[in-house]
Amino acid sequence: MKRIVLFLLLFTISLKAFGQQNNNREFNTAVNQWFSAWSLLYKDIYKIDKIHPVQFVFFDETYVYSTSSVTIPKGESIKGYNLLNLKLNWKKKPHHNSLTLPNKKTIPVGVISFASEAPLGQKSFFVMPLPSFWKKAGVESKELGLDNLITGVFIHEFSHTQQMQNFGKIITQLEKQNNFGVPFNDDMVQAIFSENKDYLDLYQSEINTLYNSIRDKELNTEQLIKGLALINDRQTKYFKDQYQGLKEIDDIFLTMEGMGQYSMYLWLIHPKGAKMDKNIALDGVRRNKKWWSQEEGLALFLILERLKASKTWAKDMFGSKIITAIELIKANMK
């Protein structure tokens, strides 16, 4: 009789474990995919093996899954993946359509993906919905497919969590020092000048020239020099008077957004990543060329990789040093 009771007890425990695993299937599948993609990029391509601590906030239609004790003070402990040197303790709970972030702010659930600084002395954090949430919202990419797009978004946004020690700190300082009448983010230059035809013409010439410099296998140095001159002309002509502080801000956001886009692109074309054709992947990453900082930033890093292998400068992008993509390009042209 004791053996039967023991068997039933073990059987019940096994069913519970199986039920939890089954209920968390999408969470486990997605996080494994995203963490594997970042590990491939960081270790195999950039040759970096240690990342800065991050708090995660993932969610689906019903639950939030998090490593933050602020987001989930009390919840169900679940098994989840670690990321490189980060040992993560995961919990989940119903979110009731709102999320409490690690910085204690509350936001509604939605198709959002972003990295942010936490309060002073705490870890940065990362927020993103699971794939079913994106699918239900109708998000798609004809070039990449939804799964590749979402993994690419994870890579892009997660790269910013590793830039909080350098670019994140200076951006916080610059935000306190400047007010240009628009939200302070990577799209602020676009928000200020999107209706200025002369600015648009100069910007478009600049973009075309930069991408023309990498049209062939060999870097076209003449087009690159012309493109850098156009950047300087644009910034000199327009970033003055009330917009004096925009040059430094522009260079930093081009670097941050460019690194995110470039990292996404590298995973998409890698044999152990999405294994995509380079041209198709590039079209998918550029996303109709809609966002200026991402579009131009990507061009800068595609140029930079022609000058020097990424493993030689990637640590500067994710460490404590502040050096922009334009500075790196100029330094490696000598």
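Fair warning: this is a prediction, and the values are worked out from it, not measured in the lab.
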Contacts of Lys135 that satisfy salt bridge (Lys or Arg N to Asp or Glu O under 4.0 Å) - sequence neighbours left out:
none
Enumerate the salt bridge (charged side-chain N to carboxylate O under 4.0 Å, His left out) contacts for residues 274-285, please, sequence neighbours excluded, ordered by first and then second residue.
none
Asp251: partners by salt bridge (Lys or Arg N to Asp or Glu O under 4.0 Å), with sequence neighbours left out:
Lys247
Which residue pairs satisfy the salt bridge (charged side-chain N to carboxylate O under 4.0 Å, His left out) criterion with at least one member in residues 299-315, sequence neighbours excluded?
none
Paired with Glu295, the side-chain hydrogen bond (donor to acceptor under 3.5 Å, both in side chains) test is passed by just one of Lys290, Arg287, Arg286, Lys289, namely Arg286
Looking at residues at least two apart in the chain, or sitting in another chain, which of them share a ring-ring contact (aromatic ring centres under 6.0 Å, His included) with Phe133?
Phe59
If the condition is ring-ring contact (aromatic ring centres under 6.0 Å, His included), which residues does Tyr199 pass it with, not counting sequence neighbours?
Phe193, Tyr238, Trp292
Residues forming a ring-ring contact (aromatic ring centres under 6.0 Å, His included) with His160, sequence neighbours excluded:
His156
Output all residues satisfying salt bridge (Lys or Arg N to Asp or Glu O under 4.0 Å) with Lys91, sequence neighbours left out; order by chain, then residue number.
none
So the salt bridge (charged side-chain N to carboxylate O under 4.0 Å, His left out) pairs with at least one residue in residues 220-232 (sequence neighbours excluded) are none
Got a sec, which residues hit ring-ring contact (aromatic ring centres under 6.0 Å, His included) with Tyr265, two or more places apart in sequence or on another chain?
none
Results of side-chain hydrogen bond (donor to acceptor under 3.5 Å, both in side chains) for Ser132 - residues two or more places apart only:
Glu26
Qualifying salt bridge (charged side-chain N to carboxylate O under 4.0 Å, His left out) pairs, either residue in residues 183-209, two or more places apart
Lys197-Asp201, Glu206-Arg234
